[in-house]
Amino acid sequence: MKYYILSTSTESKNTAIIDGFEPNYYPKYNPDNEFSQQNLNVWEFYSKEPVFSKLIFKRGFRLVDFIYPSTMNGCGFIISERIKKIILDFNLMNHKLYKLPIYEFKGIDYNYFLLQLVRGNVDYSMIDFEKSKFFSEERLFNENTRKFEWGNNIEMLSIKNANDYASNVENCFYLSDRVSYYKLVLHKKPKDLFLIHDVHNSEYLISERLKQKLEEMKATGLENFVEIEIEYNEE
């Protein structure tokens with residue numbers, strides 16, 4: 001089955017980049033305030049509503065549908081109202097939706113929301129290790145493209161269970177390598193928006209049907225979708 005990496009654009013002309021907190025945003029002056037937005041995380045939800053700053057963007061920004069929540073520890077996505085209207089129709093990983101303070105631009109009010117995505121503790125139970133095939137690869141500088149690229153010194157890995165996988169992930173981390181796969185099989189069909197710990201750098205993945213909906217809407221603020229292949233056991 002085809003799935004796709006969902007990530008916000010890194011090109012300034014195609015996105016809005018948050019420039020910090022509004023003046024007098026009180027948790028900014030009290031970093032120990034446990035419910036301020038800068039203490040949000042990807043591991044667990046707050047027990048009460050977070051305190052949010054108004055959105056302040058860097059100069060030259062563009063109002064888009066998906067924004068990286070840099071002042072909220074990158075715990076999901078900031079989404080526009082039109083994305084909010086359709087996203088909850090899909091089967092999402094553990095999440096909460098928070099309304100952010102209204103953003104006013106050129107006399108028009110815009111509603112934005114934080115879609116907080118919580119991954120919980122590291123868990124490899126989704127993966128069928130007996131049917132999957134893994135390898136390690138190195139990231140080196142390519143003199144021709146002038147970029148760092150993966151795919152060098154590929155070595156097949158014998159991974160039989162979650163403990164083997166965790167050990168290889170840890171070893172590769174210290175060697176500046178990563179664990180990748182030739183074949184990834186999950187025990188069951190994943191959600192429309194999900195992630196697998198330490199697979200594709202734990203990036204968010206979406207189903208074909210969610211990707212098609214975002215393309216149909218011409219959703220803005222996203223990188224081009226990178227296709228990946230994931231199999232799953234029939235239920």
Side-chain angles (χ1 to χ4, degrees), residues 1-18 42 55 57 61-70 72 74-100 103 110-120 123-128 131-133 149-151 178 180-235:
M1 295 287 293
K2 293 178 181 178
Y3 290 87
Y4 303 85
I5 295 174
L6 181 71
S7 59
T8 51
S9 176
T10 56
E11 294 188 23
S12 57
K13 65 180 180 180
N14 294 328
T15 192
I17 299 174
I18 296 176
V42 298
L55 292 171
F57 299 123
F61 70 91
R62 178 185 173 203
L63 285 177
V64 291
D65 293 311
F66 283 84
I67 301 169
Y68 179 72
S70 56
M72 304 166 196
C75 60
F77 299 96
I78 294 173
I79 58 174
S80 66
E81 188 163 25
R82 74 188 195 113
I83 298 299
K84 179 249 184 184
K85 289 179 179 178
I86 64 97
I87 198 72
L88 298 182
D89 292 336
F90 292 85
N91 191 8
L92 310 180
M93 62 182 286
N94 202 14
H95 67 279
K96 281 190 177 181
L97 193 68
Y98 298 107
K99 190 176 188 304
L100 300 179
Y103 182 74
Y110 294 88
N111 289 316
Y112 275 99
F113 304 82
L114 173 66
L115 178 64
Q116 184 184 6
L117 301 171
V118 164
R119 60 191 68 179
D123 180 9
Y124 304 126
S125 62
M126 294 176 66
I127 303 172
D128 186 334
K131 297 180 180 178
S132 301
K133 295 180 180 180
E149 297 177 356
W150 292 101
R178 72 174 179 181
S180 295
Y181 63 85
Y182 286 116
K183 181 179 181 181
L184 182 64
V185 181
L186 305 182
H187 286 295
K188 62 181 181 179
K189 184 177 181 179
K191 298 178 184 293
D192 291 305
L193 193 163
F194 67 104
L195 64 77
I196 309 170
H197 288 282
D198 299 313
V199 173
H200 288 288
N201 297 320
S202 300
E203 292 184 278
Y204 297 110
L205 307 175
I206 60 172
S207 64
E208 178 85 33
R209 77 185 193 105
L210 178 50
K211 177 241 188 191
Q212 288 177 349
K213 183 63 178 179
L214 294 176
E215 287 181 328
E216 175 189 313
M217 298 176 65
K218 294 182 169 53
T220 55
L222 294 172
E223 292 281 11
N224 293 331
F225 295 114
V226 176
E227 180 183 315
I228 62 174
E229 192 75 22
I230 297 176
E231 299 178 31
Y232 59 87
N233 298 323
E234 295 294 334
E235 297 178 348

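Starting from 1, each residue takes its place in the sequence as its number.
Counting only heavy atoms from C-beta outward, the side chains of I87 and F113 never approach each other to under 4.5 Å. E216 places none of its side-chain heavy atoms less than 4.5 Å from the side chain of I86. Side chains of R62 and T220 form a contact here, defined as non-hydrogen atoms less than 4.5 Å apart. In this structure the side chain of E81 never reaches within 4.5 angstrom of the side chain of Y110, judged on heavy atoms. With contacts defined as side-chain heavy-atom distances shorter than 4.5 Å, the pair F194/I196 qualifies. Using a 4.5 Å heavy-atom threshold, the side chains of F90 and I206 count as separate. Side-chain contact between I78 and L55 is present, with at least one heavy-atom pair separated by less than 4.5 Å.
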Checklist entry - Given the rule in the side chain to side chain contact (heavy atoms under 4.5 Å, CB included) test, do M72 and L100 qualify, once you have shown the distances and angles that lead to the verdict? => result CA-CA 12 Å; M72 304 166 196; L100 300 179; 4.2 Å; yes
Next on the checklist: Run the side chain to side chain contact (heavy atoms under 4.5 Å, CB included) test on L214 and L6 for me, step by step, so that the C-alpha distance in whole Å, both residues' side-chain angles and the decisive distance to 0.1 Å come before the verdict.
Outcome noted: CA-CA 11 Å; L214 294 176; L6 181 71; 4.1 Å; yes
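With D65 as reference, R82 is the one residue of R82, K213, K84 to meet the salt bridge (charged side-chain N to carboxylate O under 4.0 Å, His left out) rule. Only one option out of V118, L117, L114 pairs with C75 in a side-chain contact (heavy atoms from CB on, under 4.5 Å); it is L114.
Checked against side-chain contact (heavy atoms from CB on, under 4.5 Å), T8 has the following partners two or more places apart in sequence or in another chain: F66, Y68, F77.
Under a cut-off of 6.0 angstrom, the local environment of NZ in K2 is sparse, with at most 12 non-hydrogen atoms contributed by other residues, nucleotides or ligands.
Between E229 and Y181 the shortest heavy-atom distance is O-OH, 3.3 Å. For the residue pair H187 and S125, the shortest heavy atom distance occurs at CD2-O, 3.1 Å. Across all non-hydrogen atoms, the minimal contact from Q116 to Y98 is OE1-CE1, 3.3 Å. Closest heavy-atom contact between H197 and Y124: O-CE2, 3.4 Å. Taking each heavy atom of V42 and G74 in turn, the nearest pair found is CG1-O, 4.0 Å. Taking all atoms of both residues into account, the shortest heavy-atom contact from R209 to D89 is NH2-O, 3.9 Å.
To the nearest 0.5 Å, atom CD1 of residue I83 and atom CE of residue M217 are 4.0 Å apart. Atom CD1 in I228 sits 9.5 Å away from atom OH in Y3 (nearest 0.5 Å). Separating the CG atom in L210 from the CD atom in E208 is a distance of 10.5 Å, to the nearest 0.5 Å. Taking CD1 of I5 as the reference point, atom CG of L205 lies at 6.5 Å (rounded to 0.5 Å). Atoms CG and NE2, from L193 and H95 in turn, are 9.5 Å apart once rounded to the nearest 0.5 Å. Put simply, OG on S9 and CD1 on I67 are 11.5 Å apart, with the number rounded to the nearest 0.5 Å.
At least one donor-acceptor pair closer than 3.5 Å links the side chain of D192 to the backbone N or O of N91.
Under the 30°/60° scheme for interplanar angles, the aromatic rings of Y112 and Y103 are found to stand perpendicular.
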